[in-house]
Amino acid sequence: MYLATKIEDIMKKYYYNKDGYRQTIKNGINSLSEFSKLVSGNDYSQQDKIKLLKKRIENADAIVIGGGSGLSTSAGLVYDGERFDRYFFDFKEKYGINNIYAGGFYNFPKSEIKWAWWARHIYFNRYVKSPKPVYENLFSIVEDKDYFVITTNVDHRFQMAGFDKNRIFYTQGDYGLFQSVNPSLKKTYDNEKWVMEAMKAQGFVKDSNGEFNVADDKNILMEIPSDMIPRCPDDNSNVRLNLREDEDFVEDDGWNEASYRYYDFLTKHKDDKVVYLELGVGKNTPVIIKYPFWQMTLENKNASYICINYNEALCPREIENRSICINEDIGDILDKVLKLNSKN
């Protein structure tokens, strides 16, 4: 017992000293004093930018991919509109919820309804195939390169598209994991089996693709049986999703190992020809991806920064000559890169 405790203490110190997540945030905060005016990059045509993007990736020693919510939006995983109306029409009608994001904060009258909502919320954003192959196309562009992914997305799309799980750091959690509400339990629990059972209990049926869908008569329930409310397998306490909402977010062994691997990758390539490829990162958490990417590009004269983000692609003036900013849909740009590849 003593030896196990000592090993745990050593590992905690090890991860703390090589913590890619907190070092990233530190870089992001420090970077704010380094930069002045934000610009939209050079004046090249879109076609020239795509050619340059392709060339930068081909010539890179390493690629660090930063994935934000805009990347999943480009892949068709939208939280409102037709997709929401198809799977959550009953919640919209009864509770006036207008999108999946808002439903995650709704105070449902009882747990059986709350967890029926969350089963759908998780299933349609974590376990179904993306409507568009944006992540798959991205993988085909970088799969032969030395890459690493850092993402604030919690929908597991990189791994589903073929990216190596040991080269991905999901900083903010995973829809596919539960954690206990007891903060002393630093563990996470896979929820796939529970989600599938909860979908079945609501009356969803599998279609020809093996995915749950609404039956033609739309006869589905808005709650699950009381004995299906998920519990922690270790202490039978209530559970919550493993999402970074507060200080009780569980950073388990897998999370810490990913943080270390990210730190190690950045350290290994700190002076190399690195492409920092930022995709769909918005303004909610810029200190995790956007600001550190700017800072690392500034510090490494061999590095370049590429940002593809619909109407939000900007870079600091200080790294403008090593940046490519494309204000277009990510999926459209990746399609064009692939078409260039097919011509060569």
| said: Taking the basic N atoms (NZ, or NE/NH1/NH2) and the acidic carboxylate oxygens, is any pair closer than 4.0 Å for Lys290 and Glu278? | reply: yes

| Nearest heavy-atom neighbours spanning Leu52 and Ile324 | CG-CD1, 3.6 Å

| query | So Tyr135 and Asn153, side-chain hydrogen bond (donor to acceptor under 3.5 Å, both in side chains) or not? Walk me through it. | reply | CA-CA 12 Å; Tyr135 283 89; Asn153 295 344; 3.1 Å; yes

| remark: Output for pair (Leu185 CG, Asp252 CG), nearest 0.5 Å, gives 12.0 Å

| said: Measuring centre to centre across the rings, with the benzene-like ring taken for any Trp, is Tyr106 within less than 6.0 Å of Tyr95? | reply: yes

| field | Nearest-0.5 Å distance, CD1 of residue Ile150 to OG1 of residue Thr171 | value | 5.5 Å

| message | Within this structure, what is the CG-NZ distance for the pair Asp248 and Lys186, rounded to the nearest 0.5 Å? | response | 6.5 Å

| Does the ring center of Trp194 lie less than 6.0 Å from the ring center of Tyr189? | no

| request: Using the six-membered ring of Phe89, assess whether NZ or CZ of Lys218 lies under 6.0 Å from its centre and within 45 degrees of the ring axis. | output: yes

| message | By the definition ring-ring contact (aromatic ring centres under 6.0 Å, His included), identify the one residue from Tyr260, Tyr262, Phe169 that meets it with Trp255. | response | Phe169

| request: Output, in order, the C-alpha distance, side-chain angles, deciding distance and verdict of side-chain hydrogen bond (donor to acceptor under 3.5 Å, both in side chains) for Asn256 and Glu251. | output: CA-CA 6 Å; Asn256 280 294; Glu251 297 172 358; 5.2 Å; no

| task | Quick one: do Ser180 and Ser237 satisfy side-chain hydrogen bond (donor to acceptor under 3.5 Å, both in side chains)? Show the steps, please. | result | CA-CA 6 Å; Ser180 173; Ser237 63; 2.7 Å; yes

| field | Pairwise distance CZ(Phe293) to CD1(Ile319) - rounded to 0.5 angstrom | value | 11.0 Å

| query | Can you tell me how far CG of Leu241 sits from CD of Gln179, rounded to the nearest 0.5 angstrom? | reply | 8.5 Å

| query | Any chain of hydrophobic side-chain contacts (each under 4.5 Å) joining Val128 to Val214? | reply | yes

| request: Taking the six-membered ring for Trp and the full ring for Phe, Tyr or His, determine whether the centres of Phe124 and Tyr87 are under 6.0 Å apart. | output: yes

| said: For a salt bridge (Lys or Arg N to Asp or Glu O under 4.0 Å) check, start with the C-alpha distance between Glu320 and Arg317, then their side-chain angles and the critical distance, and finish with the verdict. | reply: CA-CA 5 Å; Glu320 181 181 13; Arg317 176 80 71 189; 3.2 Å; yes

| message | Check this for me: Lys270, atom NZ, are more than 12 non-hydrogen atoms of other residues, nucleotides or ligands nearer than 6.0 Å? | response | no

| request: Mind telling me whether Phe163 and Phe158 have parallel, tilted or perpendicular rings, with 30° and 60° as the class edges? | output: perpendicular

| Salt-bridge present (Arg167, Asp146; N to O < 4.0 Å) | yes

| said: Around atom CG of Asn321, are there more than 12 heavy atoms from other residues, nucleotides or ligands closer than 6.0 Å? | reply: yes

| query | Would you say the side-chain atoms of Arg322 pair up with the backbone N or O of Thr297, donor to acceptor, closer than 3.5 Å? | reply | yes

| query | Under 3.5 Å, is there a donor-acceptor pair linking the side chains of Ser45 and Asp48? | reply | yes

| request: Please determine if Asp90 and Arg120 form a salt bridge, counting it only when a charged side-chain N lies under 4.0 Å from a carboxylate O. | output: yes

| task | Determine whether the side chains of Asn242 and Thr188 contain a donor N or O and an acceptor N or O closer than 3.5 Å. | result | no

| remark: The side-chain hydrogen bond (donor to acceptor under 3.5 Å, both in side chains) partners of Gln159 (sequence neighbours excluded) come to none

| Transitively linked via ILVMFWY side-chain contacts under 4.5 Å: Val250 with Val154? | no

| query | Do Lys206's NZ or CZ and the ring of Phe212 fall within the cation-pi criteria of under 6.0 Å and 45°? | reply | yes

| task | Could you walk me through whether Arg126 and Asp174 pass side chain to side chain contact (heavy atoms under 4.5 Å, CB included), step by step? | result | CA-CA 8 Å; Arg126 171 62 171 78; Asp174 185 342; 2.9 Å; yes

| message | Can you confirm if the aromatic rings of Trp115 and Phe108 lie within a centre distance of less than 6.0 Å? | response | no

| Pair Glu112-Ser226, side-chain hydrogen bond (donor to acceptor under 3.5 Å, both in side chains): steps then yes or no | CA-CA 6 Å; Glu112 290 83 354; Ser226 299; 2.5 Å; yes

| message | Regarding Asp264 and Lys18, does a basic nitrogen lie under 4.0 Å from an acidic carboxylate oxygen? | response | no

| message | For Asn137 and Asp335, which I'm curious about, is there any donor-acceptor pair between the side chains at under 3.5 Å? | response | yes

| field | Lys/Arg-Asp/Glu bridge criterion (N-O < 4.0 Å) met for Glu58, Lys55 | value | no

| request: Could you tell me whether His156 and Tyr127 have their ring centroids closer than 6.0 angstrom? | output: no

| field | Side-chain donor-acceptor contact under 3.5 Å, Thr24 with Tyr291 | value | no

| Are a donor atom and an acceptor atom from the side chains of Lys336 and Gln46 found within less than 3.5 Å of each other? | yes

| According to a 4.5 Å side-chain heavy-atom criterion applied to Ile, Leu, Val, Met, Phe, Trp and Tyr, with indirect links allowed, do Val181 and Phe249 form part of one hydrophobic cluster? | no

| said: Centre-to-centre under 6.0 Å for Phe148 and His269, is that the case here? | reply: no

| message | Looking at Glu245 and Arg240, is any side-chain nitrogen of the basic one under 4.0 Å from a carboxylate oxygen of the acidic one? | response | yes

| Are Arg157 and Ser130 linked by a side-chain donor-acceptor pair shorter than 3.5 Å? | yes

